Protein chains: 2
Amino acid sequence: MAIATMAAEKQLDLAALRGTPGFVIRLIQLKFFDGFYDTFAELGLTPATYAILMLVRDNPGIVPSSVATLLRLHLPNLTKILHQLEHAGLVKRSRSKIDRRATEITLTSKGEKLMRDAVRLTAPYNRRMLAPLSEAERSTLIELLNRVSPF
Amino acid sequence: MAIATMAAEKQLDLAALRGTPGFVIRLIQLKFFDGFYDTFAELGLTPATYAILMLVRDNPGIVPSSVATLLRLHLPNLTKILHQLEHAGLVKRSRSKIDRRATEITLTSKGEKLMRDAVRLTAPYNRRMLAPLSEAERSTLIELLNRVSPF
DNA sequence: TATTGTTATACTCTATAACTATA
DNA sequence: TATAGTTATAGAGTATAACAATA
C-alpha cells in the first residue's frame with residue numbers, strides 16, 4: 001500500500017466510470033485480493049493456490065488441463081504452481097493408468113488439513129468483503145454474478 | 001487464447017468456488033477484459049488507458065496523484081502511461097500555476113475525438129458482457145457492485 | 001520536513017514456443 | 001497426427017527505492 005491517500009478526490013466526477021461495470025468489477029477484485037491476503041496469508045495461501053486446492057479437494061484425481069481450463073490458467077504456469085504445492089507436501093501427482101500422459105492430482109492429508117483451516121476463514125472473509133450489503137442483497141449479488149460468469 | 005478447450009469439465013464439482021464471490025468476480029473480470037480488447041483494440045485503447053482518458057475527460061486539469069488514487073495505479077507506473085498518451089498526442093500535461101510541483105492533465109482535441117469514438121462502443125460492450133441478465137437485473141447488479149466498491 | 005512527479009529497477013503474472021512421452 | 005505435461009523464456013502489470021523540484 002503505497003498508493004496515495006484519498007484527499008480532495010471526493011469532488012471529482014466519477015459517474016461515467018461508476019456506470020462502467022468492468023471498471024467497478026476491477027476495483028472490487030482488487031479489494032477482494034487485498035482482503036484475501038489479509039485473511040489467508042498466514043496459511044501461506046494465494047488466491048490461485050486457494051482455488052487450485054479447493055478444486056482438487058472437491059474433485060480428487062482431476063488432471064492439470066482441467067484445472068487450467070476452469071481456473072483460466074495456462075498449463076505451463078499451472079505446472080510451476082503444482083510443482084511448488086507438491087514440494088510443500090500439499091498435493092500428490094500420479095500417472096493415470098488409463099491415459100499415461102495424464103497426471104491425477106489429489107490432496108495429501110497435509111493439504112486436506114490446510115483446506116479445513118482455510119474453509120473456517122472463508123465465510124467471515126466473504127461476509128466482510130460484502131459488508132455493505134444485507135444478507136438478501138449478498139445472495140442476489142452472488143446469483144447474478146454466477147449468471148454472468150462464463151461457467 | 002491457448003487455454004485448453006472445455007471438455008468433460010461439466011461433471012466436475014464447482015459448487016464451493018461458485019459460492020466464493022472473489023473467485024466468480026475474477027472470472028468475470030477476465031471475461032470483461034477479453035471483451036474489452038475485442039471491442040476497443042481497434043482504437044488502441046487498453047482498460048487502463050480507457051479509464052485514464054475517461055477520468056481526464058470528465059475532470060480536466062486532474063493531477064496524476066488523483067488519477068493514481070482513483071484508478072488504483074502506482075504513480076511511477078502511471079507516469080509511464082501518461083508519457084505514452086502524451087507522445088500519442090491524446091493528453092497534454094502542464095504545470096499548475098498554484099502548485100508548481102503538480103501537473104494538470106487535459107485531453108487534446110485528438111484525445112476528445114478518440115473518447116467520443118470509444119463512448120459509442122461502450123454501451124453495446126456493456127450490454128454484451130451482461131447479456132445473460134435482463135435489463136432490470138443489469139441495473140440491480142450495477143447498483144450492488146457500486147455499493148461493494150471501495151469508492 | 002513533506003509532497004509531486006520522475007527514473008530505474010525488481011518482482012509477479014500471464015503468454016508463447018519448443019520439446020517429451022504417450023495416444 | 002493430436003494431446004498432456006514440461007521447460008524455458010518473453011512480455012505485461014505491479015511494486016519499491018531513490019532522487020529533484022517545490023511546498
Side-chain angles (χ1 to χ4, degrees), chain A residues 1-9 26-27 29-31 33-34 36-37 41 44-52 61-87 91-105, chain B residues 1-9 26-27 29-31 33-34 36-37 41 44-52 61-87 91-105:
Chain A
M1 176 67 70
I3 290 177
T5 51
M6 283 297 278
E9 278 84 7
R26 177 174 162 272
L27 289 183
Q29 211 213 318
L30 293 174
K31 171 179 166 172
F33 265 52
D34 287 349
F36 186 95
Y37 285 106
L45 288 169
T46 66
T49 56
Y50 178 96
I52 292 166
I62 191 172
V63 296
S65 58
S66 295
V67 175
T69 300
L70 290 166
L71 302 186
R72 294 285 193 176
L73 300 171
H74 288 265
L75 216 30
N77 302 323
L78 177 60
T79 294
K80 209 168 164 186
I81 298 173
L82 286 174
H83 186 76
Q84 294 163 355
L85 292 175
E86 188 173 42
H87 194 261
V91 303
K92 190 161 64 85
R93 285 193 278 188
S94 53
R95 286 279 162 207
S96 165
K97 282 170 184 159
I98 307 163
D99 180 345
R100 299 190 2 151
R101 293 169 302 181
T103 306
E104 295 173 347
I105 316 167
Chain B
M1 177 69 69
I3 290 176
T5 51
M6 284 297 278
E9 278 84 8
R26 176 175 163 274
L27 289 183
Q29 210 212 317
L30 293 175
K31 171 179 167 173
F33 265 52
D34 287 348
F36 185 94
Y37 285 105
L45 288 169
T46 66
T49 55
Y50 177 98
I52 293 166
I62 191 172
V63 296
S65 59
S66 294
V67 175
T69 301
L70 290 166
L71 302 186
R72 294 287 192 175
L73 300 171
H74 288 265
L75 216 29
N77 302 324
L78 177 59
T79 294
K80 208 170 163 184
I81 299 173
L82 286 175
H83 186 75
Q84 293 164 355
L85 293 176
E86 188 173 41
H87 194 262
V91 304
K92 189 162 65 84
R93 286 194 276 188
S94 53
R95 286 278 163 208
S96 164
K97 282 171 184 159
I98 307 162
D99 180 345
R100 300 190 0 141
R101 293 170 303 184
T103 304
E104 294 174 349
I105 316 168

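Letters A, B, ... are given to chains in the order of the sequence lines, protein chains preceding strands, and every chain is numbered from 1. Owing to the predicted nature of the structure, the values given are computational and were not obtained by experimental measurement.
- Atoms CD1 (B/Ile98) and P (D/dA21) sit 22 Å apart, rounded to a whole Å.
- In this structure, the nucleotide among C/dT22, C/dT6, C/dG5 sitting nearest to the side chain of A/Arg100 is C/dT22.
- In this structure, B/Leu30 and B/Ala102 both approach DNA chain C, and ranking their closest nucleotides by distance from the 5' end singles out B/Ala102.
- Contact record, B/Val63 with B/Ala102: CG1-CB, 4.0 Å, taken as the closest heavy-atom pair.
- In this structure, CZ of B/Arg95 is placed 7 Å from C1' of C/dG5, rounded to the nearest angstrom.
- Taking the six-membered ring for Trp and thresholds of 30 and 60 degrees, A/Phe33 and A/Tyr37 have ring planes more than 60 degrees apart, a perpendicular arrangement.
- To the nearest angstrom, P of C/dA10 lies 15 Å from CG of B/Asn77.
- At the phosphate of C/dT4, neither OP1 nor OP2 sits under 4.0 Å from any side-chain N or O atom of B/Arg93.
- Rounded to whole angstrom, the span from the CD1 atom of B/Ile81 across to the P atom of C/dG5 amounts to 15 Å.
- In this structure, the CG atom of B/Leu75 is 19 Å from the P atom of C/dT9, given to the nearest Å.
- Set against D/dG5, D/dA4, D/dA23, the side chain of A/Arg101 has D/dA4 as its closest nucleotide.
- Protein atom NZ of A/Lys80 is 11 Å distant from nucleotide atom C1' of C/dC11, rounded to whole Å.
- When the options B/Ile62, B/Ile105, B/Leu70, B/Leu73 are evaluated for a side-chain contact (heavy atoms from CB on, under 4.5 Å) with B/Ile52, the one that passes is B/Leu73.
- The number of heavy atoms from other shown groups lying within 6.0 Å of NZ (B/Lys92) does not exceed 12.
- At whole-Å resolution of the value, CZ in B/Arg26 and P in D/dG13 are 16 Å apart.
- Protein atom NZ of A/Lys97 is 19 Å distant from nucleotide atom C1' of C/dA23, rounded to whole Å.
- Side-chain proximity of A/His74 to C/dT14, C/dC13, D/dT14: nearest is C/dT14.
- Comparing C/dG5, C/dA17, D/dG5 by their closest approach to the side chain of A/Pro76 singles out C/dA17.
- Under the salt bridge (Lys or Arg N to Asp or Glu O under 4.0 Å) criterion, B/Arg101 pairs with B/Asp99, not counting sequence neighbours.
- The B/Asp99 side chain lies nearest to D/dA23 when the options are D/dA23, C/dT22, D/dT6.
- The side chain of A/Ser65 contributes an N or O atom lying less than 4.0 Å from OP1 or OP2 of D/dG5.
- Residue B/Thr79 has a polar side-chain atom (N or O) positioned under 4.0 Å from OP1 or OP2 of C/dT6.
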